[in-house]
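By convention in this document, chain letters (A, B, ...) are assigned in the order of the sequence lines, proteins followed by strands, and residues within each chain are numbered from 1. Excluded from the calculations below are hydrogen atoms, water molecules and symmetry mates; all remaining heavy atoms, backbone and side chain alike, are included.
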2 protein chains.
Amino acid sequence: MCYKTNYICNKFYYSMISGKFAITVHILTLLNKFPNDYLSSEFIAGSMNLNPVLVRKEIANLKAHHIVESKEGKNGGTKLAVNASNLSLKEIFEMTFESIGLGFAKNQPNPDCPVGKKINQNLEALYSEMNKNVSAQLENISLEDFSNQF
Amino acid sequence: MCYKTNYICNKFYYSMISGKFAITVHILTLLNKFPNDYLSSEFIAGSMNLNPVLVRKEIANLKAHHIVESKEGKNGGTKLAVNASNLSLKEIFEMTFESIGLGFAKNQPNPDCPVGKKINQNLEALYSEMNKNVSAQLENISLEDFSNQF
DNA sequence: AAAACTGTAACATTTTTTATTACTAATTAA
DNA sequence: TTAATTAGTAATAAAAAATGTTACAGTTTT
């Protein structure tokens, strides 16, 4: 299919899905369980009790990262395009979150307060360390490993 | 003050504040910068450009954990009740989040699907490891350390 | 007694997330 | 070659979560 419209950036047209990582891992686990089939978004959605459109949105993200390929039309669907042993949870994490962290206060802090002026910068540094830490952990787990738990 | 009403559980009466950790760290850093003063919620809110009521809600949480003490009435406010060197970011983390993680899909997955049946359990195990990891990191940083960066 | 606080309830608003509907385009199989 | 089925995506609606506001009771100091 080929829409003319520019699909500039997820940020503008799509909202973020906060269960994104979980949903994406679920999708990939299923695809890995049926490596020779094209699974439909409807089938996948049935396993997670989720609207098929949301599944397709996550699949669009996976396609953009060349992790899956899909086929339109009757008997179409999606299948893994990579070897599950070579795909780590870290990569999935990075495709679905920018980073972990413990959040920021919503409003701009007071720049005239020595604490307010630097709080976000200091939190960012802290969260950046957390990310390194978590990334190192997730890097050691492949989709294949995860999938074998089922 | 002493309201009669039962303040059973934050979960029911208060909404969760997702910037909770950031806000709490901000509050504690300020308190640590003025260890001899009772700071008012209005003053603190001014540093973070936040509604004073939200500050008081977080302070209520800190009080419940005996981290701060506060004084009502004129010239009242809040001050640290512990030594900043003995309070780690891990403890603050645990007072404001139950845990980190990368989320779950909102709906109950399909229990008739082998993947759906176990996905949440497997994600939980994964997130639990992440928590150990992050906790170990945060345990090594005291409020004093963090505060010294300002 | 007045002023300045905290504590907390109740409710309003805003923001984010999730779900739905509808339609275009592609592919397959009868 | 047409009907059925599927992906892609827009637009919008609904639900949930987070944040903000107002109001006022109770406390303490001056």
Would the number of heavy atoms belonging to other residues, nucleotides or ligands and lying under 6.0 Å from CD of A/E69 be above 12?
yes

Atom CD of A/E58 and atom C1' of D/dA7 are separated, to the nearest Å, by 15 Å

Residues that B/N148 engages under side-chain contact (heavy atoms from CB on, under 4.5 Å), provided they are two or more places apart
B/E144

Would one find a side-chain N or O of A/K57 under 4.0 angstrom from OP1 or OP2 of C/dA19?
no

Using the ring-ring contact (aromatic ring centres under 6.0 Å, His included) rule, collect all pairs that involve residues 105-133 of chain B, keeping only residues at least two apart or in two chains.
B/F104-B/Y127

Just N and O in the side chain of B/S70: are any of them under 4.0 Å from OP1 or OP2 of C/dG7?
yes

Expressed as a whole number of angstroms, how long is the span from B/L62:CG to C/dT8:P?
14 Å

Does D/dT21 have its OP1 or OP2 closer than 4.0 Å to a side-chain nitrogen or oxygen of B/N51?
yes

Residue B/K106, side-chain heavy atoms: nucleotide from D/dG20, C/dA22, C/dA19 that is nearest:
C/dA19

How would you list all residue pairs meeting ring-ring contact (aromatic ring centres under 6.0 Å, His included) that involve residues 130-150 of chain B, not counting sequence neighbours?
B/F146-B/F150

For A/K63, give me all partners under side-chain contact (heavy atoms from CB on, under 4.5 Å), at least two apart in sequence or on another chain.
A/I59, A/V68, A/S70

So which protein nitrogen or oxygen atoms get under 3.5 Å of nucleotides 3-6 of chain D's nitrogens or oxygens?
residue, atom, partner, partner atom, Å
D/dT5, O2, A/K74, N, 3.0
D/dT6, O4', A/G73, O, 3.2
D/dT6, O2, A/G73, N, 3.1

Hey, which of these two, A/I59 or B/P52, hits DNA chain D nearer its 5' end, going by closest nucleotide?
A/I59

Taking only distance into account, with no hydrogens and no angle test, what donor-acceptor pairs under 3.5 Å do side-chain atoms of residues 109-122 of chain A form with protein atoms, sequence neighbours excluded?
residue, atom, partner, partner atom, Å
A/N110, OD1, A/D112, N, 2.8
A/N110, ND2, B/G46, O, 3.3
A/K118, NZ, B/Q149, O, 3.1

